[in-house]
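Working notes for the structure below.
Numbering of ligands and ligand atoms starts at 1, following listing order. Note that the structure is predicted; figures quoted are calculated from it, not measured.
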Amino acid sequence: MLAAAKVGGIMANSTHPVQFLEDNLRIQLSVVAGAHAAGVERLLFLGSSCIYPRLAPQPIPESALFTGALEPTNEAYALAKIAGIVQTRSYRRQYGASYISAMPTNLYGPGDNFDLETSHVLPALIRRFHEARRDGSSAVTLWGSGSPRREFLHVDDLAAACLLLLERYDGDDPVNIGCGSDLAISELAEIVRNVTGFRGAIQWDTTKPDGTPRKLLDVSRLTALGFAPRIALRDGIAQTYAWWLERRTAPL
Ligand SMILES: NC(=O)C1=CN([C@@H]2O[C@H](COP(=O)(O)OP(=O)(O)OC[C@H]3O[C@@H](n4cnc5c(N)ncnc54)[C@H](OP(=O)(O)O)[C@@H]3O)[C@@H](O)[C@H]2O)C=CC1
Ligand SMILES: C[C@H]1O[C@H](OP(=O)(O)OP(=O)(O)OC[C@H]2O[C@@H](n3cnc4c(=O)[nH]c(N)nc43)[C@H](O)[C@@H]2O)[C@@H](O)[C@@H](O)C1=O
């Protein structure tokens, strides 16, 4: 399974498009071509839900690929991932290789990146609320308007979905991996505030980008193969928060 990639949140993607494009293209070119040269029979390439047009129909079916303009904040990363899909299926078409690709939604869980400049929203919120409670702050400031909607899947559910695809899917088209429901970033913030026990206010810094207004995947293809996520969002956030508290070295 090819999971290695240059990965980051909205700010890292916006400020380092060269690395998001070039690192990912290089990783994919070497790994997929190398796998084929080494006689690897089965390969799963992980793309991302950001390959779909910024204003794709919701929930987003796999057929939405190539139907519209990309979200500017992650265009470089998305284009590299689209190249990975085409590369993967080209090996199928030209060499008959059993190589497939899957498009995960926004992921979270233990082992995530908690750096406030480069992380995705969920670890950033956990850290921001935790530190605000620790410091006795009256408010936490989050990025954007809070209105964009995102779908979150725990990394253990992602792993289960990948295994299932490797066992039961061998087709040309990518397969979406998600939980089937989304929420506004403002709603996510309320959950994280509650989990961390912060009692202050939430402010929104609208000078920071919102990104795609909504990104909910149509997961009917995956569901038809027998997938159902096991970890509810609030439970997964609590578990991830506990993991981070246990492993971080700075004083709490
Ligand atoms: N996180 C998310 O929300 C989403 C992730 N995905 C995809 O899922 C996959 C896993 O993502 P995630 O676990 O979040 O990412 P991480 O950043 O946690 O893991 C990526 C891995 O890739 C390795 N890597 C990065 N650059 C290189 C390189 N140049 N050469 C070799 N290895 C490299 C990293 O190694 P090291 O630690 O040593 O740097 C790391 O182990 C990626 O393909 C990503 O695009 C798709 C949708 C959403
Ligand atoms: C997985 C996916 O991830 C990225 O796309 P994204 O979903 O837009 O990324 P994100 O998780 O960083 O933000 C989601 C939303 O949350 C808001 N937000 C609030 N406060 C914070 C905050 O403190 N940090 C961050 N990072 N975001 C915040 C933020 O403004 C945005 O509206 C791309 O890498 C893309 O290429 C990709 O594949």
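- Nearest to atom 17 (C) of ligand 2 by heavy-atom distance, out of Phe152, Trp143, Trp204, Tyr108, is Trp143.
- No side-chain donor from either of Asp112 and Thr240 sits under 3.5 Å from a side-chain acceptor of the other.
- Scanning all protein heavy atoms for the shortest distance to atom 2 (C) of ligand 2 gives Lys215 NZ, 3.6 Å.
- For Met11, no heavy-atom contact with ligand 2 is shorter than 4.0 Å.
- Remark: minimum distance from atom 8 (O) of ligand 2 to any protein heavy atom is reached at Arg150 NH2, 2.9 Å.
- Using modelled atom types and a 3.5 Å distance limit, the side chains of Thr207 and Asp205 yield a donor-acceptor pair.
- Follow the hydrophobic side-chain contacts under 4.5 Å out from Leu225 and you reach Leu158 in the same cluster.
- Residue contacts with ligand 2 for Val121 involve both N, CA, C or O and side-chain atoms from C-beta outward (heavy atoms, distance under 4.0 Å).
- Leu21 and Tyr77 fall into different hydrophobic clusters, where Ile, Leu, Val, Met, Phe, Trp and Tyr are joined by side-chain heavy atoms under 4.5 Å apart, directly or via other members.
- Under the 4.0 Å criterion applied to side-chain N and carboxylate O atoms, Asp182 and Arg150 are not assigned as salt-bridge partners.
- Checking Ser119 against Asn113 by side-chain atom types alone, no donor-acceptor pair falls below 3.5 Å.
- Contact annotation: for Tyr77 versus ligand 2, heavy atoms closer than 4.0 Å belong to the side chain alone.
- A salt bridge between Arg127 and Asp115 is absent, with no side-chain N of the basic residue lying under 4.0 Å from a carboxylate O of the acidic one.
- Close approach to Pro209 involves these atoms of ligand 2, each under 4.0 Å from a residue heavy atom: 29 (C), 30 (O).
- For ligand 2, the polar-atom distance check against Asp210 finds a nitrogen or oxygen pair separated by under 3.5 Å.
- Ligand 2 has an N or O atom lying under 3.5 Å from an N or O atom of Gly8, backbone or side chain.
- Donor-acceptor pairing under 3.5 Å is recorded for the side chains of Ser145 and Asp210.
- Where the criterion is an N or O separation shorter than 3.5 Å, residue side chain and backbone included, Thr212 fails it with respect to ligand 2.
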Give every pair made of an N or O atom of ligand 1 and a protein N or O atom lying under 3.5 Å apart, one pair per line with both atom names and the distance to 0.1 Å, or write 'none'.
from, atom 1, to, atom 2, distance (Å)
ligand 1, 3 (O), Leu107, N, 2.8
ligand 1, 22 (O), Ala5, N, 3.1
ligand 1, 43 (O), Ala3, O, 2.9
ligand 1, 43 (O), Lys81, NZ, 3.0
ligand 1, 45 (O), Tyr77, OH, 2.6
ligand 1, 45 (O), Lys81, NZ, 2.8

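- For atom 35 (C) of ligand 2, the closest non-hydrogen atom of the protein is Asn74 ND2, 3.2 Å.
- Of the heavy atoms in Ser119, only backbone atoms (N, CA, C, O) come closer than 4.0 Å to ligand 2.
- Side-chain contact annotation: Tyr95 with His36, donor-acceptor N/O pair under 3.5 Å absent.
- The protein non-hydrogen atom at the shortest distance from atom 38 (O) of ligand 2 is Ser48 OG, 2.8 Å.
- If you look at Glu71 next to ligand 2, there are no close heavy atoms at all, none under 4.0 Å.
- Under 4.0 angstrom from ligand 2, the non-hydrogen atoms of Ile10 come from both its backbone and its side chain.
- Considering only non-hydrogen protein atoms, atom 15 (C) of ligand 2 sits nearest to Ile185 CD1, 3.7 Å.
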